[in-house]
Amino acid sequence: MDTITIKDLSVYAYHGLSPEEGVLGQNFFISAELSLDLHAAGMGDNITKTINYAAICHFINEYTRTHPVKLIEAAAEQLAEQILIEFAPLKKISLTIKKPSAPIGLPLQYVSVTITRSWHEAFVAFGSNLGDRKKYINTALDTLRQTEGIQLDSVSSFYSSTPYGGVEQDDFLNGAVLLHTLFTPLELLSLLQKIEQAAQRKHTVHWGPRTLDLDILFYDNEIIRTATLIVPHPDMINRDFVLKPMVELAPYKLHPLLQKSMQELYAALPPDQLHLYKEGKPL
Ligand SMILES: Nc1ncnc2c1ncn2[C@@H]1O[C@H](COP(=O)(O)OP(=O)(O)OP(=O)(O)O)[C@@H](O)[C@H]1O
Ligand SMILES: Nc1nc2c(c(=O)[nH]1)N=C(CO)CN2
């Protein structure tokens, strides 16, 4: 990644814990290191292929002045998120906010916070086999599209599939999406669970019928094992109704633990693990 750097932009703002700071205001110095690919802009001498640093400086100035908070941590968090949302080609930002006039009563140059935030790539599988399956899935996709901090990049076809896992139940509609997000993995899980709940999802039978199921398949190339979240999804490699949509979205993506591509994993499924069909015939 290449970088554009803004150093110590002086902004008069009203951040602070004490009421006086909120009334009087003070100078803050804001620095940003912006990571993006600058090759095309450099080769073409073309401003549309990069971010206008003047526009970012004015955005930082305006946003910081008009969004007072108590902590410089909060100021940095909110500003970093808004910059990533507003300036789309940006992948990552490292942001420093310095507060030289912090009311400490001791001589110092400044106090500061530095945070680094970026867009993360995630793949999410969806499934439904109760009620109006298409509607549950489309409503969920619309909610994702409307969520600040999520960019829905591509949606696979919807696949019909017979049930996997031994529970007798109706057929599923399955698929997967590629999205970019500013959410952490646990924040993403919590959002997906809220969307499931909004579809009146009930947890009754294990692997049983459901209006909506949303599973995180991948989050960047992270390997996560906590009590509530396992990524990559541990059972995805056995599921054609997950691997086939993944082949459509990212055929060459490697599973970070197995180092096998989606194409390879799908091709390696045994015939008795094939559940997808179209117009009454197996896929
Ligand atoms: N990668 C993941 N994506 C979604 N949920 C996960 C993941 N890893 C662990 N979980 C946990 O699994 C729990 C059960 O989820 P859910 O009821 O959707 O499972 P399931 O759909 O029946 O099974 P499966 O996840 O094998 O399809 C959730 O509460 C969540 O905390
Ligand atoms: N075909 C199909 N079978 C399943 C599915 C699913 O999404 N599709 N989900 C399950 C539990 O998550 C259990 N079995």
Side-chain angles (χ1 to χ4, degrees), residues 120-138 140-141 143-144 147 150 155-179 181 183-249 253 255-258 262 265-266 269-278 280-283:
H120 299 275
E121 178 188 83
F123 289 89
V124 171
F126 56 80
S128 169
N129 77 332
L130 261 186
D132 191 339
R133 303 173 305 167
K134 256 191 206 151
K135 192 158 168 219
Y136 282 122
I137 294 168
N138 280 321
L141 298 181
T143 307
L144 287 172
T147 302
I150 303 265
V155 180
S156 76
S157 312
F158 290 12
Y159 293 88
S160 300
S161 112
T162 56
Y164 151 95
V167 178
E168 215 171 284
Q169 54 188 321
D170 289 343
D171 288 359
F172 281 80
L173 267 190
N174 284 111
V177 300
L178 162 62
L179 57 82
T181 183
F183 291 26
T184 64
L186 285 176
E187 285 169 347
L188 180 61
L189 177 68
S190 159
L191 170 70
L192 298 179
Q193 289 177 340
K194 279 200 196 104
I195 297 175
E196 286 178 351
Q197 281 157 20
Q200 298 95 42
R201 162 80 188 266
K202 306 254 175 354
H203 289 268
T204 40
V205 183
H206 177 58
W207 283 4
R210 68 262 329 264
T211 52
L212 184 65
D213 189 25
L214 297 170
D215 290 336
I216 302 175
L217 304 173
F218 298 113
Y219 183 95
D220 293 333
N221 279 323
E222 284 192 27
I223 292 155
I224 304 167
R225 285 190 175 271
T226 70
T228 52
L229 183 62
I230 303 178
V231 176
H233 190 285
D235 205 32
M236 64 168 286
I237 54 170
N238 302 316
R239 300 179 174 190
D240 65 337
F241 54 87
V242 171
L243 291 174
K244 178 73 177 163
M246 279 304 303
V247 169
E248 204 186 324
L249 296 174
K253 179 179 170 56
H255 188 292
L257 285 168
L258 306 174
M262 297 302 109
L265 290 170
Y266 178 60
L269 283 170
D272 63 343
Q273 284 291 26
L274 299 180
H275 300 87
L276 297 175
Y277 64 86
K278 199 172 185 180
K281 294 191 200 101
L283 261 197

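First listed ligand is number 1; within each ligand, the first listed atom is number 1. We number each residue from 1, following the sequence as shown.
For atom 22 (O) of ligand 1, the nearest protein heavy atom lies under 4.0 Å away. Within 4.0 Å of atom 3 (N) of ligand 1, at least one protein heavy atom is present.
Ile230 N, 2.9 Å is the protein heavy atom nearest to atom 8 (N) of ligand 1. Nearest non-hydrogen protein atom to atom 18 (O) of ligand 1 is Asp213 OD1, 3.1 Å. Of the protein's non-hydrogen atoms, His233 NE2, 3.0 Å is the one closest to atom 25 (O) of ligand 1. Nearest protein neighbour of atom 8 (N) of ligand 2, counting heavy atoms only, is Asn174 OD1, 2.8 Å. Regarding atom 14 (C) of ligand 1, its nearest protein heavy-atom neighbour is His203 CE1, 4.9 Å. Nearest protein heavy-atom contact of atom 1 (N) of ligand 2 is Ser161 OG, 2.4 Å. Ranking protein heavy atoms by distance to atom 28 (C) of ligand 1, first place goes to Gln193 NE2, 3.6 Å. Regarding atom 13 (C) of ligand 2, its nearest protein heavy-atom neighbour is Tyr164 O, 3.4 Å. Atom 5 (N) of ligand 1 has Leu189 CD1, 3.5 Å as its closest protein atom, hydrogens excluded (heavy atom only). Phe172 CD1, 3.3 Å is the protein heavy atom nearest to atom 2 (C) of ligand 2. Counting protein heavy atoms only, atom 26 (O) of ligand 1 is closest to Arg239 NH2, 2.9 Å.
For ligand 2, the atoms sitting less than 4.0 Å from at least one non-hydrogen atom of Arg210 are 11 (C), 12 (O), numbered in the order shown with element in parentheses. Taking every heavy atom of Pro163 and a limit of under 4.0 angstrom, the matching atoms of ligand 2 come to 1 (N), 3 (N). Short contacts between ligand 1 and Trp207, defined as distances under 4.0 Å to a heavy atom of the residue, involve ligand atoms 22 (O), 23 (O), 24 (P), 26 (O). Of all atoms in ligand 2, numbered sequentially from 1 with element shown, those under 4.0 Å from a heavy atom of Asp213 are 12 (O).
At least one donor-acceptor pair closer than 3.5 Å links the side chain of Arg210 to the backbone N or O of Gly208. In this structure, Gln200 contributes its side chain and Ala198 its backbone to a donor-acceptor pair below 3.5 Å. The closest donor-acceptor contact from the side chain of Ser156 to the backbone of Gly175 lies at 3.5 Å or more, if one exists at all. Ser128 contributes no side-chain N or O that, together with a main-chain N or O of Ile137, makes up a donor-acceptor pair within less than 3.5 Å.
Note: no N/O pair closer than 3.5 Å links Val231 and ligand 1 by distance alone. Looking at Asp235 next to ligand 1, no N or O pair under 3.5 Å apart turns up.
Looking only at side-chain heavy atoms (C-beta outward), Asn174 and Val242 stay at 4.5 Å or farther from each other. A 4.5 Å side-chain heavy-atom check between Phe172 and Asp213 finds every atom pair outside the cut-off.
The closest non-hydrogen atom to atom 17 (O) of ligand 1, taken over Arg210, His206, Arg201, comes from Arg201. Compare Thr228, Val124, Asp215, Leu229 by their heavy atoms: the one nearest to atom 31 (O) of ligand 1 is in Thr228.
Taking CD1 of Ile224 as the reference point, atom CG of Leu186 lies at 7.5 Å (rounded to 0.5 Å). Taking CG from Leu229 and CD from Glu222, the interatomic distance works out to 9.5 Å, rounded to the nearest 0.5 Å. We find the CD1-CE distance between Ile230 and Met236 to be 14.0 Å, quoted to the nearest 0.5 Å. Note that the CG atom of Asp170 and the OG1 atom of Thr162 stand 12.0 Å from one another [nearest 0.5 Å]. Taking CG of Asp171 as the start and OH of Tyr277 as the end, the distance is 3.5 Å to the nearest 0.5 Å. In this structure, the separation between NZ on Lys194 and OG1 on Thr143 is 12.0 Å, given to the nearest 0.5 Å.
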### Query
Could you walk me through whether Phe126 and Ile195 pass the side chain to side chain contact (heavy atoms under 4.5 Å, CB included) check?
CA-CA 11 Å; Phe126 56 80; Ile195 297 175; over 6 Å; no
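Judged by the 6.0 Å and 45° rule, Lys253 forms a cation-pi pair with Phe218.
Contact annotation: for Thr162 versus ligand 2, heavy atoms closer than 4.0 Å belong to the backbone alone. Within the 4.0 Å heavy-atom criterion, both parts of Trp207, backbone and side chain, lie near ligand 2.
Not a single heavy atom of Lys202 sits under 4.0 Å from any atom of ligand 1. At least one heavy atom of Ile216 sits under 4.0 Å from some atom of ligand 1.
Between Phe241 and Tyr164, the ring planes lie perpendicular to each other; the angle is over 60°, past the 30° to 60° tilted range.
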